[in-house]
Amino acid sequence: MATVKSKNIRVRIAPSPTGYLHIGTARTALFNLLFAKHNNGKFVLRIEDTDLERSDKKFEKDIIESLKWLGLAWDEGPYRQSDRLEIYEKYVNKLLNENLAYYCFCSKEDLETERQTMLAQGLAPKYSGRCRDLKSEEVKKRLDAGASHVIRFKTPEARVTFKDLIRGEISFDAALLGDMTIAKDPKIPLYNFAVVVDDEEMKISHVIRGEDHIANTPKQILLQKALGFKTPQYAHLPLILDPDRSKMSKRYSATSIQEYRDQGYLPQAIINFLAFLGWHPKEEREIMSLKELIKEFELNRVQKAGAVFNIEKLGWLNMQYIKSFDNSELAETLGVAATEENLKIIDLTKPRMKKLSEFKDLAGFFFNLPEYDSKKLIWKTTPISTTLENLQAVEKLLSELTEKQFSKENLESVFSEITKERGRGEVLWPLRFALSGLDASPGPFEIMEALGKKETLKRLQIAIQKLESRS
RNA sequence: GGUCCUAUCGUCUAGCCUGGUCUAGGACGCCUCCCUUUCACGGAGGAAACACGGGUUCGAAUCCCGUUGGGACUACCA
């Protein structure tokens with residue numbers, strides 16, 4: 001295998017527990033894992049919970065559980081930013097002491113007015129730097145008075161250029177950025193700052209994340225330089241899009257892994273599907289396991305443009321995986337007892353299921369015969385009387401068989417004569433309908449095998465009675 | 001508005017780096033047919049794309065420039 005020589009590759013997935021594990025986050029996690037494992041690197045999980053108001057333990061729990069369910073195992077963590085506050089504080093103070101950051105006392109209202117004014121002038125909105133040169137005595141005085149504040153980084157006016165592993169060179173003019181906020185207080189870091197500190201402390205070599213973070217990259221690089229940190233390699237993944245080509249959102253579709261899990265999508269199918277959203281192996285293949293994906297994954301084969309989430313294809317993939325399961329395995333995932341009868345039912349239902357959740361609807365008739373209109377027993381233009389005669393003939397034929405003879409193969413041969421005499425459609429359609437009560441179902445021989453002699457006869461008699469009461 | 005990213009069938013994509021083998025390949029979806037009592041599976045076939053305009057070149061889906069379209073970002077969220 002063409003692996004990069006042990007270059008201490010370390011990547012991370014850094015979800016914030018402000019919602020359930022998002023499809024996009026799962027895909028980012030997957031690509032990170034794929035890249036790490038392909039190169040014998042480490043995959044770190046870091047929970048970015050610096051936003052106390054929006055973070056919730058229940059989301060953290062869901063993220064961890066969903067990641068596990070998908071089979072995306074991390075090597076280190078979960079680290080929690082809320083457990084690392086002293087580390088950020090140390091670095092905030094460092095910047096403050098070196099006069100690379102400063103306290104800002106501007107009110108939100110003032111900032112907003114400033115922003116609007118600049119926007120109206122067609123300028124890139126950025127902070128004016130009003131508090132940048134406040135005298136230290138003044139700062140101390142205001143701090144002592146308990147004035148509300150924030151800490152800003154003195155953004156240098158420079159051109160920031162970095163090489164994105166997927167997109168090539170990307171360049172920003174930092175002069176347009178303005179002095180960004182890095183913390184609300186030395187003890188309360190903000191996203192861009194916490195990320196930079198953690199990536200350094202955790203020796204992250206490659207930052208693989210969504211395209212929506214491209215604009216954050218120059219900010220983080222500037223911070224790294226000020227702090228004397230190394231700059232990791234960056235790779236920005238294309239976004240997952242809704243059918244209207246906007247960033248996938250709750251408004252349009254189910255966005256949490258948990259929802260797909262509840263609907264009966266298999267983790268293998270989701271992984272396979274997500275991997276192919278923005279990536280493709282060299283060969284023309286569609287079905288790949290996580291292991292195979294790891295083997296084949298190359299960052300330079302990642303697509304640059306966003307990819308629409310195609311639920312139809314997920315459904316098809318899911319069906320492929322469902323079909324690949326053996327019956328007892330499927331019984332277990334469905335939470336159904338692996339009795340002989342159930343296994344037969346599963347076997348017949350398997351090729352018809354796009355989602356596990358469809359099992360109930362598809363297989364329900366095996367357990368309870370649905371109510372149906374006796375008209376439905378009639379094949380095309382067959383007269384009622386003929387249909388009745390045919391069913392009676394079938395009943396007679398079947399009642400002479402032993403339970404053992406109720407196998408698909410045997411029943412087929414038993415029926416060869418009667419279907420020749422009376423017509424396949426004329427015999428088999430009413431039989432199948434009597435057995436299933438449904439317009440669409442597996443074939444009558446298969447159903448009879450699963451149902452057994454007693455139940456088959458019972459259902460046949462119900463149909464016969466229905467027809468008799470009609471005529 | 002500004003900044004940045006981006007552009008092959010309806011969708012996911014192969015091909016693009018290293019121009020000719022592209023009459024542009026595969027998959028999902030769609031259509032037709034086969035199998036078949038129905039539905040599904042399976043099998044065979046079909047319709048369907050290089051956004052546009054300039055260059056460069058003997059030759060461009062592939063390289064360059066521009067236009068247009070699409071998207072992301074633009075917080076004391078992450």
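These values consider heavy atoms only, across backbone and side chains, with no hydrogens, waters or symmetry-generated copies. Chain naming here is simple, since letters A, B, ... match the order of the sequence lines and numbering starts at 1 in each.
Across all strands shown, A/P442 has heavy atoms under 4.0 Å from base atoms, whether or not it also approaches the sugar-phosphate. As judged by a 4.0 angstrom heavy-atom cut-off over every strand, A/R422 is placed among residues making no nucleic acid contact. In this structure, A/C106 reaches the bases: a heavy-atom distance under 4.0 Å links it to at least one base atom across the strands shown. The residue A/A440 sits close to a base: some heavy atom pair falls under 4.0 Å. When heavy atoms are screened at a 4.0 angstrom cut-off, A/R285 is found touching no nucleic acid atom at all. A/S171 comes within 4.0 angstrom of sugar-phosphate atoms only, judged by non-hydrogen atoms across all strands, and of no base. In this structure, A/K354 reaches the sugar-phosphate backbone alone: every heavy-atom distance under 4.0 Å involves primed, P, OP1 or OP2 atoms, never a base. Counting any heavy atom pair closer than 4.0 Å across all strands shown, A/R159 reaches sugar-phosphate atoms only and no base atom. Here A/H236 lies out of heavy-atom contact (under 4.0 Å) with every strand. At a threshold of 4.0 angstrom between heavy atoms, the contacts of A/K282 with the nucleic acid are absent. Contact annotation for A/R432: base contact, defined as any heavy-atom pair under 4.0 Å involving a base atom. If you check every strand for non-hydrogen atoms under 4.0 Å, A/T419 touches nothing. Heavy atoms of A/T181 sit under 4.0 angstrom from primed sugar atoms or phosphate atoms, though from no base atom. As judged by a 4.0 angstrom heavy-atom cut-off over every strand, A/G278 is placed among residues touching the sugar-phosphate backbone only.
When distances run from any side-chain atom of A/R424 to the nucleotides B/rA40, B/rU36, B/rA72, the shortest one goes to B/rU36. Candidate nucleotides B/rG2, B/rC4, B/rU74 were compared by shortest atom distance to the side chain of A/A124, and B/rG2 ranks first. Each of B/rC76, B/rC41, B/rU38 was ranked by its minimum atom distance to the side chain of A/L190; first place goes to B/rC76. Checking B/rA7, B/rA14, B/rC77 against the side-chain heavy atoms of A/Q303 singles out B/rA14 as nearest. Nearest nucleotide to the A/K184 side chain, out of B/rC76, B/rG15, B/rG71: B/rC76. With B/rG1, B/rA72, B/rU38 as the candidates, the nucleotide lying closest to the side chain of A/D212 is B/rA72. Looking at the side chain of A/D51, the nearest of the listed nucleotides B/rC76, B/rG10, B/rC77 is B/rC77. In this structure, the nucleotide among B/rA72, B/rC76, B/rG1 sitting nearest to the side chain of A/L239 is B/rA72. For A/A307, the listed nucleotide lying nearest its side chain is B/rC12; candidates were B/rG42, B/rU6, B/rC12. For A/H280, counting side-chain heavy atoms from C-beta on, the closest listed nucleotide (B/rA78, B/rA40, B/rA14) is B/rA14.
Between the CD1 atom of A/I447 and the CG atom of A/L411 there is a distance of 11.5 Å, given to the nearest 0.5 Å. Taken to the nearest 0.5 Å, the CG atom of A/L388 stands 14.0 Å off from the NZ atom of A/K466. A/E109 CD to A/E112 CD: the interatomic distance, rounded to the nearest 0.5 Å, is 9.5 Å.
For A/R54 against B/rC77, a side-chain N or O and a base N or O form a donor-acceptor pair under 3.5 Å. Judged by distance alone with a 3.5 Å cut-off, no donor-acceptor contact links the side chain of A/K247 to the base of B/rA72. Within 3.5 Å, no donor on the side chain of A/N192 pairs with an acceptor on the base of B/rA78, nor the reverse.
Taking for each of A/G443 and A/D173 the nucleotide of RNA chain B with the nearest heavy atom, the 5'-most of the two is the partner of A/D173.
Look at the P atom in both B/rG25 and B/rG46: the space between them is 11 Å, to the nearest Å. For the C1' atom pair drawn from B/rG26 and B/rA49, the interatomic distance equals 14 Å after rounding to whole Å. Between B/rC28 and B/rC41, the two P atoms lie 11 Å apart (nearest whole Å). Spacing between B/rC50 and B/rU8 at atom C1', rounded to whole Å, works out to 4 Å. Comparing the same atom, P, in B/rG42 and in B/rU6 gives a spacing of 38 Å after rounding to whole Å. Distance noted for atom P between B/rG20 and B/rU62: 11 Å (whole Å).
Classification of the A/Y260-A/Y265 ring pair by plane angle, with boundaries at 30° and 60°, yields tilted. Between A/H149 and A/Y103, the angle of the ring planes goes over 60°, which puts this pair in the perpendicular group of the 30/60° scheme.
A/K380 has no side-chain polar atom (N or O) that falls below the 4.0 Å cut-off from OP1 or OP2 of B/rU38. Applying the 4.0 Å criterion to OP1 and OP2 of B/rA75, one finds that A/R115 has a side-chain N or O inside that range.
Panel note: side chain A/K126, backbone A/A175; a donor-acceptor pair is recorded below 3.5 Å.
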Report task. Please report the C-alpha distance between A/Y102 and A/F153 in whole Å, then the side-chain angles of each, then the deciding distance to 0.1 Å, and finally whether the ring-ring contact (aromatic ring centres under 6.0 Å, His included) criterion is met. Result -> CA-CA 7 Å; A/Y102 60 92; A/F153 173 61; 9.4 Å; no
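Rounded to whole angstrom, the span from the CG atom of A/N300 across to the P atom of B/rU18 amounts to 14 Å.
Side-chain atoms of A/L398 and A/T456, non-hydrogen and from C-beta on, do get closer than 4.5 Å to each other.
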